[in-house]
2 protein chains.
Amino acid sequence: MNTEPPPIRVLVVEDEPIAADAHAVYLQRIGGFSLAGTAADGQSALRALQQAAEAGQPIDLILLDMNLPDLHGLDIARCIRSGGLAVDIIAITAVRDLKVVRAAISSGVVQYLIKPFTYAMFAEKLANYRDFRQQLASPTARASQNDVDLALASLRAPTAAPLPKRLSESTLTAVVVLLKSHAGPISASEVMDRLGISRVTARRYLEYLADQQTVRRTARYGTPGRPENEYLWRG
Amino acid sequence: MNTEPPPIRVLVVEDEPIAADAHAVYLQRIGGFSLAGTAADGQSALRALQQAAEAGQPIDLILLDMNLPDLHGLDIARCIRSGGLAVDIIAITAVRDLKVVRAAISSGVVQYLIKPFTYAMFAEKLANYRDFRQQLASPTARASQNDVDLALASLRAPTAAPLPKRLSESTLTAVVVLLKSHAGPISASEVMDRLGISRVTARRYLEYLADQQTVRRTARYGTPGRPENEYLWRG
DNA sequence: ACCCTTGCGTTCATATTGGTCCCACCCAAC
DNA sequence: GTTGGGTGGGACCAATATGAACGCAAGGGT
């Protein structure tokens, strides 16, 4: 029906190897991204950007730490901008200074993630960015005001609670396991049958996962009655 | 409770005097902003920025047109970034090219307003920016993740009006995607076949889009039978 | 000119699911 | 033992696509 968009090429810029690895691992767990490289300081980050652009495989996104041995993250952002590279930046840093936050946003940082963070927080920010990008990647090269607003809205969507009420960890994992093991899309009724839980409960968890962008929600047509939602795990 | 925040100093960059005046007038009608100057081309805009910064009254926000006689708006944004000035940019332009939109957001444009626009739209974007700024101007110099998220969320445009009855978001999206990807005009029957939905449903959504002026409706004659409506996506 | 054919527009009842409210049950804390 | 929070599930109403039936506007033959 529709073609899968190409993965978003990500450069991780982080001087602590442990943290850099963690970011890379987290990244792999989210669909739609591919790790294009890692840099431990500002100079090598800029070099990697340049090389990737010259190789015809430009970086799309940088996960940028602010505290680096040679350059400050804001300086790196400035260098990137003056180079005119079309790369987006998500700041991932322990710096909580409001001035830095403001300056980062002025410099075109699209998300600002404060360390330490949970995987859920990380995944949410990245998923927001992925949706934002997909909305602006439409084949029609022109945008309406509504298109732009919707794209920005998905980029800046507010935070979701750690785990909303009415949801339990065990049931959630059961649903996730079922979704992962199931090849095609699956409906709430089918989850009900497979797991022996009620339709209401199945729907509650599936909707949560859909809101979290970890499953894709589509509608099944062709039969009378209200269309049935189907949920598909995103690899 | 707390003192009134100082007004946000705005520089209007627009080559057409009429439009520049309009922006200035609109700006006066919104609280919390003060017009710091007007520039008709890129060079004078950069000069004005520099002078304001040296005079100790830096510009906070630029309303930036993309099409200027000497420099492109994106170039101006790039110059500003490489200068390291902490100034935010709202793009106000007739350019609807998605590449430009993406590049603008990468360059740190916080809002993108497509001309022509209504005063309500203009006021909404500016008010959003004002709220965003106020949230990051808190006397506490440190931010939590929640603070940052809330501030970014206020930059986000509120969700569009709810859909009329009998229409669902997902189905509408499917129809829109199909229309966008289809070059020529398309009939209700063809939408039925392509999406696997019924003719009645396809027509309901196409009629809605036609009423919203987002698709153009024409009639096809020449074949036996009642003339068939065709719908064409408007770029 | 008239009528028949043809295929879409329109309306309505129906089927089936989504969404919400509220209660039963479980478990932990006191 | 009692109380309180929280999860799961039944019941109900709302929502939405479908299918059939009818109406309508054009083409084409007599």
Side-chain angles (χ1 to χ4, degrees), chain A residues 1 120 160-179 182 184-213 215-232, chain B residues 159-179 182 184-212 215-232:
Chain A
M1 181 165 138
L163 197 61
K165 291 305 176 190
R166 317 272 305 168
L167 297 185
S168 74
E169 191 64 44
S170 58
T171 311
L172 182 62
T173 49
V175 173
V176 167
V177 166
L178 176 61
L179 279 168
H182 204 270
I186 189 170
S187 72
S189 302
E190 207 167 344
V191 172
M192 168 182 73
D193 292 335
R194 295 292 189 89
L195 293 183
I197 62 181
S198 78
R199 188 174 60 88
V200 180
T201 304
R203 237 190 49 79
R204 205 165 32 229
Y205 285 89
L206 290 169
E207 280 302 310
Y208 168 72
L209 290 171
D211 287 344
Q212 297 297 106
Q213 311 289 340
V215 302
R216 192 176 318 222
R217 174 177 39 199
T218 55
R220 175 167 52 193
Y221 305 98
T223 61
R226 179 167 176 162
E228 184 176 11
N229 282 344
E230 292 182 318
Y231 304 85
L232 175 65
Chain B
T159 315
L163 260 52
K165 291 298 180 190
R166 318 264 309 171
L167 297 186
S168 74
E169 188 67 46
S170 58
T171 309
L172 181 61
T173 307
V175 173
V176 167
V177 166
L178 177 61
L179 279 168
H182 203 269
I186 189 171
S187 72
S189 301
E190 206 168 345
V191 172
M192 168 181 75
D193 291 335
R194 296 292 191 89
L195 294 183
I197 64 181
S198 76
R199 188 168 55 93
V200 180
T201 303
R203 237 190 56 76
R204 184 153 14 107
Y205 284 89
L206 291 169
E207 280 301 312
Y208 167 72
L209 290 171
D211 288 344
Q212 298 295 107
V215 301
R216 192 175 321 226
R217 173 175 40 197
T218 54
R220 175 169 53 191
Y221 303 96
T223 60
R226 181 167 177 164
E228 185 176 11
N229 281 344
E230 290 184 318
Y231 304 85
L232 175 64

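Reminder, nothing fancy here: chain letters follow the sequence lines and each chain counts from 1.
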A:R194 versus A:H182: any side-chain heavy-atom pair under 4.5 Å?
yes

Does B:R199 place a side-chain N or O at less than 4.0 Å from the phosphate oxygens OP1/OP2 of C:dC8?
no

Does some side-chain heavy atom of A:T218 sit less than 4.5 Å from a side-chain heavy atom of A:L232?
no

Residues in side chain to side chain donor-acceptor pair (under 3.5 Å) with B:E228, at least two apart?
B:S187, B:R220

Sorted by position of nearest nucleotide on DNA chain D, 5' first, the leading residue of B:S198 and A:Y205 is A:Y205

Residues at least two apart in sequence or cross-chain that pass side chain to side chain contact (heavy atoms under 4.5 Å, CB included) with B:T223, listed by chain then number, are none

Residues in side chain to side chain donor-acceptor pair (under 3.5 Å) with A:E207, at least two apart?
A:R217, A:Y231

Short of 4.0 Å, heavy atom to strand atom, which residues of residues 218-228 of chain A count as contacting DNA chain D?
A:Y221, A:G222, A:T223, A:P224, A:G225, A:R226, A:P227

Throw together a table of side-chain donor-acceptor distances under 3.5 angstrom for residues 167-174 of chain B, partners on residues two or more places apart or in other chains.
| unit_1 | atom_1 | unit_2 | atom_2 | d |
| --- | --- | --- | --- | --- |
| B:S168 | OG | B:T171 | N | 3.3 |
| B:S168 | OG | B:T171 | OG1 | 2.7 |
| B:S168 | OG | B:Y205 | OH | 3.4 |
| B:T171 | OG1 | A:Y221 | OH | 2.7 |
| B:T173 | OG1 | B:E169 | O | 2.8 |

Pick the closest DNA chain C nucleotide for A:R204 and for B:N229 by heavy atoms, then say which residue is nearer the 5' end.
B:N229

Please list, by residue number, the residues of residues 184-191 of chain A whose heavy atoms come closer than 4.0 Å to an atom of DNA chain D; answer none if no residue qualifies.
none

Grab the two heavy atoms, one from A:A202 and one from A:A188, that are nearest each other, plus how far apart they are.
CB-O, 3.8 Å

Would you call B:T201 and B:L195 a side-chain contact if the rule is heavy atoms closer than 4.5 Å?
no

CD1 of A:I197 to CG of A:L178, rounded to nearest 0.5 Å, is 9.0 Å

Could you tell me the boundaries of the chain B footprint on DNA chain D, defined by atoms under 4.0 Å from its heavy atoms?
D:dA15 to D:dG27

Under 4.0 angstrom, heavy atoms only, what part of the nucleic acid is B:S168 near: base, sugar-phosphate, or nothing?
sugar-phosphate

Rounded to the Å, how far apart are A:R217 CZ and C:dG18 C1'?
11 Å

Can you tell if the side chain of B:S198 reaches within under 4.5 Å of the side chain of B:M192, non-hydrogen atoms only?
no

